[in-house]
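Here is the structure we will look at.
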Amino acid sequence: AYQLTRREGPNALTARAVAKELGGSTQPIFRLFSGMEELKLAVTELALTTWKDCLRERLLGSAFPYLTIGMSFLLFARDEPELFKLLFMRDRVSDGSCTDYNVNWGIPLIEDSVKVDMETARKLYERNWLYCYGLAVSIATKYIPCMSECTMRQLLVESLQGVALQLNVELPTIDQCKDI
């Protein structure tokens with residue numbers, strides 16, 4: 001089910017499609033899971049683990065974790081577009097997975113790395129996250145095809161610098177050519 005979703009997207013996840021993928025019937029699915037909703041939840045949890053593992057690996061030794069998270073988000077959209085869609089392009093309010101933690105987890109990273117108060121960090125976060133999210137969706141849906149990592153990095157840095165300038169915030173020096 002995970003591989004099917006990864007390859008063909010969340011809408012491809014049906015009992016028949018999983019049975020075909022397994023080369024058998026739907027009976028094993030319903031023996032292991034109470035229904036398709038439980039299977040879909042398991043696939044979503046595995047996709048979330050995949051995203052967190054990618055993120056954790058990139059954060060090791062990061063000089064600017066907030067930008068590293070944004071870059072990881074863009075790369076996940078590029079490298080795993082169907083898993084990205086499953087995790088980040090669905091109604092998260094209705095399914096109960098959108099919490100303050102999910103929305104605001106980047107704010108403390110900005111406070112620490114930029115040395116600003118929480119309100120300024122929130123403004124930096126919100127304005128940049130909307131930009132990053134829009135760019136990631138454009139990458140995952142192939143609206144913007146073939147964007148290089150260097151271009152992604154440059155766009156993220158320029159966005160953060162632009163918002164920081166608007167808010168009169170001095171950022172630490174960010175080398176656009178190095179991994180962030």
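These figures come from a predicted structure and were not determined experimentally. For reference, positions follow the sequence shown, starting with 1.
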Who are the salt bridge (charged side-chain N to carboxylate O under 4.0 Å, His left out) partners of K85, not counting sequence neighbours? E82

Exam field: side chain S159 to backbone L155, donor-acceptor pair closer than 3.5 Å: no

Find out whether T50 and Y2 are in side-chain contact, i.e. whether some heavy atom of one side chain is under 4.5 Å from a heavy atom of the other. yes

State which residues pass ring pair (Phe, Tyr, Trp, His ring centres under 6.0 Å) with F84; sequence neighbours excluded, sorted by chain then number. F73, F88

Count I, L, V, M, F, W, Y as connected when their side-chain heavy atoms are under 4.5 Å apart, and connections chain through other members. Are Y143 and Y131 then in the same cluster? yes

Counting N and O atoms only, with roles assigned by atom type, does the side chain of S62 sit under 3.5 Å from a partner on the main chain of R58, one being a donor and the other an acceptor? no

Distance from T151 atom OG1 to I144 atom CD1, nearest 0.5 Å? 10.5 Å

Which value, rounded to the nearest 0.5 Å, describes the distance between W51 atom CH2 and L55 atom CG? 4.5 Å

Over all heavy atoms of both residues, which pair between M89 and T141 is shortest? Give the atoms and the distance, please. CE-CG2, 3.8 Å

Are there more than 12 heavy atoms of other residues, nucleotides or ligands under 6.0 Å from atom CG of D117? yes

Is there a side-chain contact between R153 and L74 (heavy atoms, below 4.5 Å)? no

T120 side-chain N/O to V116 backbone N/O, donor-acceptor pair under 3.5 Å: no

Out of curiosity, L87 CG to E45 CD, how far, rounded to the nearest 0.5 Å? 9.5 Å

Please say yes or no: joined through hydrophobic side-chain contacts below 4.5 Å, possibly via intermediate residues, are L165 and L67 part of one cluster? no

Using the rule that Ile, Leu, Val, Met, Phe, Trp and Tyr join whenever any side-chain heavy atoms are under 4.5 Å apart, tell me whether M71 and L130 fall into a single cluster. no

Can you list the residues that meet the side chain to side chain contact (heavy atoms under 4.5 Å, CB included) rule with E8, with sequence neighbours excluded? L4, A12

Would a 4.5 Å heavy-atom cut-off, applied to side chains only, mark R6 and L86 as touching? no

Closest contact, heavy atoms only, L13 versus A1: CD1-CB, 3.6 Å

Strictly distance-based, threshold 3.5 Å: is any side-chain N or O of T44 a donor or acceptor partner for the main-chain N or O of K40? yes

Applying side chain to side chain contact (heavy atoms under 4.5 Å, CB included), name anything that partners K52, two or more places apart in sequence or on another chain. L48, R56

Mind listing the side-chain donor-acceptor pairs of residues 21-37 below 3.5 Å, one per line with the distance, residues two or more places apart or on another chain?
{"unit_1": "E21", "atom_1": "OE1", "unit_2": "R7", "atom_2": "NH2", "d": "2.6"}
{"unit_1": "E21", "atom_1": "OE2", "unit_2": "R7", "atom_2": "NH1", "d": "3.2"}
{"unit_1": "E21", "atom_1": "OE2", "unit_2": "R7", "atom_2": "NH2", "d": "3.3"}
{"unit_1": "S25", "atom_1": "OG", "unit_2": "Q27", "atom_2": "N", "d": "3.2"}
{"unit_1": "S34", "atom_1": "OG", "unit_2": "E38", "atom_2": "OE1", "d": "2.5"}

Is there a side chain to side chain contact (heavy atoms under 4.5 Å, CB included) between F76 and L83 once you walk through the steps? CA-CA 8 Å; F76 189 71; L83 296 181; 3.8 Å; yes

Considering non-hydrogen atoms only, spot the tightest contact between C132 and L156 and give its length. SG-CD2, 3.9 Å

N128 CG to E158 CD distance, which is reported to the nearest 0.5 Å: 12.0 Å

Suppose we screen for side chain to side chain contact (heavy atoms under 4.5 Å, CB included). Which residues come up paired with R78, at least two apart in sequence or across chains? L75, I139, E149, M152

Is it true that, when you exclude E119 itself, more than 12 heavy atoms of the residues, nucleotides or ligands shown sit nearer than 6.0 Å to its CD? yes

The reported gap from CG in D79 to OG in S72 (rounded to nearest 0.5 angstrom) is 10.5 Å

Rounded to the nearest 0.5 Å, the CZ atom of R122 sits from the CE atom of M118 at a distance of 9.5 Å

